[in-house]
Structures are given as structure tokens and as C-alpha cells.
**Student:** 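Here it is, the structure, as C-alpha cells.
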Amino acid sequence: MDFSNKVFLFCQKIPSGKVTTYSELARVCGSKKAVRAVGNILNKNRDFNNVPCHRVVCKNGEIGGYVFGTKKKKDLLKKEGVIFVNETKVNLDKCLFRF
DNA sequence: AGTAAGGCGGGCA
DNA sequence: GTGCCCGCCTTAC
């Protein structure tokens with residue numbers, strides 16, 4: 001319960017135009033190996049209203065998955081100013097937000 | 001490069 | 001209340 005709360009909190013801390021990875025997110029939440037748990041939380045809770053989970057991507061820069069579809073996620077990120085290296089990957093070097 | 005296994009919380013049976 | 005399976009992944013073989 002506390003874990004998911006952290007996840008949501010950190011997600012909201014991500015500024016517009018920046019992204020983070022599930023690994024980093026899991027790490028700051030206490031368990032760096034709980035990346036799957038993080039994904040599960042974001043997916044099941046889908047607090048897109050309170051949590052911009054579209055700003056969370058895979059470690060390699062790929063979008064990964066998204067409740068509304070990866071296309072939507074990509075589109076949202078683009079609008080926020082996130083640099084994309086191609087249609088499916090973001091530029092982590094420029095847009096990775098580190099806690 | 002591809003495949004398999006892994007560690008972790010949430011949700012449902 | 002307990003247990004099992006799943007997931008927007010990661011890492012190792």
C-alpha cells in the first residue's frame with residue numbers, strides 16, 4: 001500500500017517534457033527489483049487522472065505498454081516535449097528525469 | 001540475439 | 001484470511 005503510494009507520488013513529480021524508467025521508479029520506491037509490481041500498480045489503478053503514468057517508460061527507452069495504447073502514450077509524450085529517437089523510443093539522454 | 005527465469009505488490013478466487 | 005496468478009519489466013543464461 002505504501003509502495004504504490006510512493007509510485008504515484010513520484011510519478012506526479014515528473015515534470016512535463018521529462019520521463020523516467022520503471023527501474024528508477026522502483027528504485028526510489030524502495031525495491032529496485034519491483035519494476036513489475038510498479039507496472040502492475042499503474043495498470044490496475046490507472047490513476048491517469050492523478051498520475052501521469054505515460055511519463056514512465058522502459059529502461060531502454062521504449063514506451064513499453066499503456067492502458068490507452070502505446071500510440072496514445074507516445075502522442076502524449078510528444079506533446080509534452082519529450083524527444084523521440086523514433087516512433088517507439090524516447091531519448092532518455094535528453095528527457096530522463098532522475099530523482 | 002533470443003529465451004527463460006526472476007522478485008514484488010495488487011487483485012481476484 | 002490465505003493463496004495464486006498476473007503485469008506498462010529487467011537481468012542473466
Side-chain angles (χ1 to χ4, degrees):
Chain A
M1 201 47 163
D2 191 46
F3 187 80
S4 58
N5 198 314
K6 288 180 184 172
V7 175
F8 298 139
L9 184 64
F10 282 116
C11 273
Q12 295 176 74
K13 282 188 171 185
I14 306 172
S16 186
K18 293 281 182 178
V19 297
T20 191
T21 66
Y22 294 101
S23 312
E24 287 292 313
L25 201 53
R27 180 179 300 177
V28 294
C29 287
S31 305
K32 50 188 173 189
K33 288 182 285 192
V35 289
R36 293 184 73 185
V38 174
N40 186 21
I41 293 167
L42 295 176
N43 184 29
K44 294 292 174 58
N45 282 277
R46 50 184 130 157
D47 287 289
F48 55 90
N49 215 19
N50 300 306
V51 182
C53 39
H54 59 273
R55 289 181 190 154
V56 186
V57 298
C58 296
K59 194 125 197 300
N60 64 327
E62 289 183 17
I63 301 296
Y66 191 50
V67 182
F68 296 105
T70 55
K71 304 188 321 220
K72 185 83 181 196
K73 185 171 182 177
K74 182 196 66 172
D75 193 53
L76 286 171
L77 290 173
K78 274 187 174 178
K79 287 183 178 178
E80 294 187 9
V82 177
I83 309 301
F84 273 73
V85 295
N86 61 45
E87 288 301 302
T88 58
K89 293 178 66 173
V90 300
N91 190 326
L92 291 177
D93 293 318
K94 294 285 193 296
C95 306
L96 179 60
F97 176 70
R98 308 184 194 233
F99 292 101

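We name chains A, B, ... by the order of the sequence lines, and we start the count at 1 in each one.
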**Student:** For a quick check, tell me whether the side chain of A/Arg36 and the base of B/dG6 share a donor-acceptor pair closer than 3.5 Å.
**Tutor:** yes
**Student:** Is there a side-chain contact between A/Asp93 and A/Ile83 in this structure, where contact means two heavy atoms from C-beta onward sitting under 4.5 Å apart?
**Tutor:** no
**Student:** Rounded to the nearest angstrom, tell me the gap between atom CD1 in A/Ile41 and atom P in C/dC5.
**Tutor:** 20 Å
**Student:** Counting the atoms with a prime plus P, OP1 and OP2 as sugar-phosphate, which does A/Leu42 contact under 4.0 Å by heavy atoms, base, sugar-phosphate, or nothing?
**Tutor:** base
**Student:** To the nearest 0.5 Å, what is the distance between NZ (A/Lys89) and SG (A/Cys58)?
**Tutor:** 10.0 Å
**Student:** Which heavy atom of A/Cys11 sits nearest to which heavy atom of A/Val51, and what is that distance?
**Tutor:** CB-CG1, 2.9 Å
**Student:** Could you give the NZ-to-C1' distance, from A/Lys6 to B/dG10, as a whole number of Å?
**Tutor:** 16 Å
**Student:** Can you tell me the distance, in whole Å, between the OH atom of A/Tyr66 and the P atom of C/dC9?
**Tutor:** 14 Å
**Student:** Does A/Ser31 put a side-chain nitrogen or oxygen below 4.0 Å from OP1 or OP2 of B/dC8?
**Tutor:** no
**Student:** Please report, rounded to the nearest Å, how far the P atom of B/dG7 is from the CG atom of A/Leu25.
**Tutor:** 21 Å
**Student:** State, with a plain yes or no, whether a side-chain heavy atom of A/Tyr66 is found less than 4.5 Å away from one of A/Asn43.
**Tutor:** no
**Student:** B/dG6 P sits how many Å from A/Lys59 NZ, rounded?
**Tutor:** 21 Å
**Student:** Is the gap between the ring centers of A/Phe99 and A/Phe97 under 6.0 Å?
**Tutor:** yes
**Student:** Just N and O in the side chain of A/Ser4: are any of them under 4.0 Å from OP1 or OP2 of B/dG10?
**Tutor:** yes
**Student:** B/dG10 P sits how many Å from A/Phe8 CZ, rounded?
**Tutor:** 9 Å
**Student:** Let me know the distance between NZ of A/Lys33 and P of B/dG6, rounded to the nearest Å.
**Tutor:** 12 Å
**Student:** Measure the distance from CD on A/Glu62 to P on C/dC9 and round it to the nearest whole Å.
**Tutor:** 10 Å
**Student:** How would you label the contact of A/Val38 with the nucleic acid (heavy atoms, under 4.0 Å): base, sugar-phosphate, or nothing?
**Tutor:** nothing
**Student:** Could you check whether A/Ala34 gets within reach of a base, just the sugar-phosphate, or nothing at all, counting any heavy atom under 4.0 Å?
**Tutor:** sugar-phosphate
**Student:** Any idea which of B/dG10, C/dT10, B/dG7 is nearest the A/Asn40 side chain?
**Tutor:** B/dG10
**Student:** Suppose we define a pair by two distances each less than 3.5 Å, Watson-Crick or G-U wobble; what does C/dT10 pair with here?
**Tutor:** B/dA5
**Student:** Want to settle it: does A/Asn5 or A/Val35 sit nearer the 5' end of DNA chain B, counting the closest nucleotide to each?
**Tutor:** A/Val35
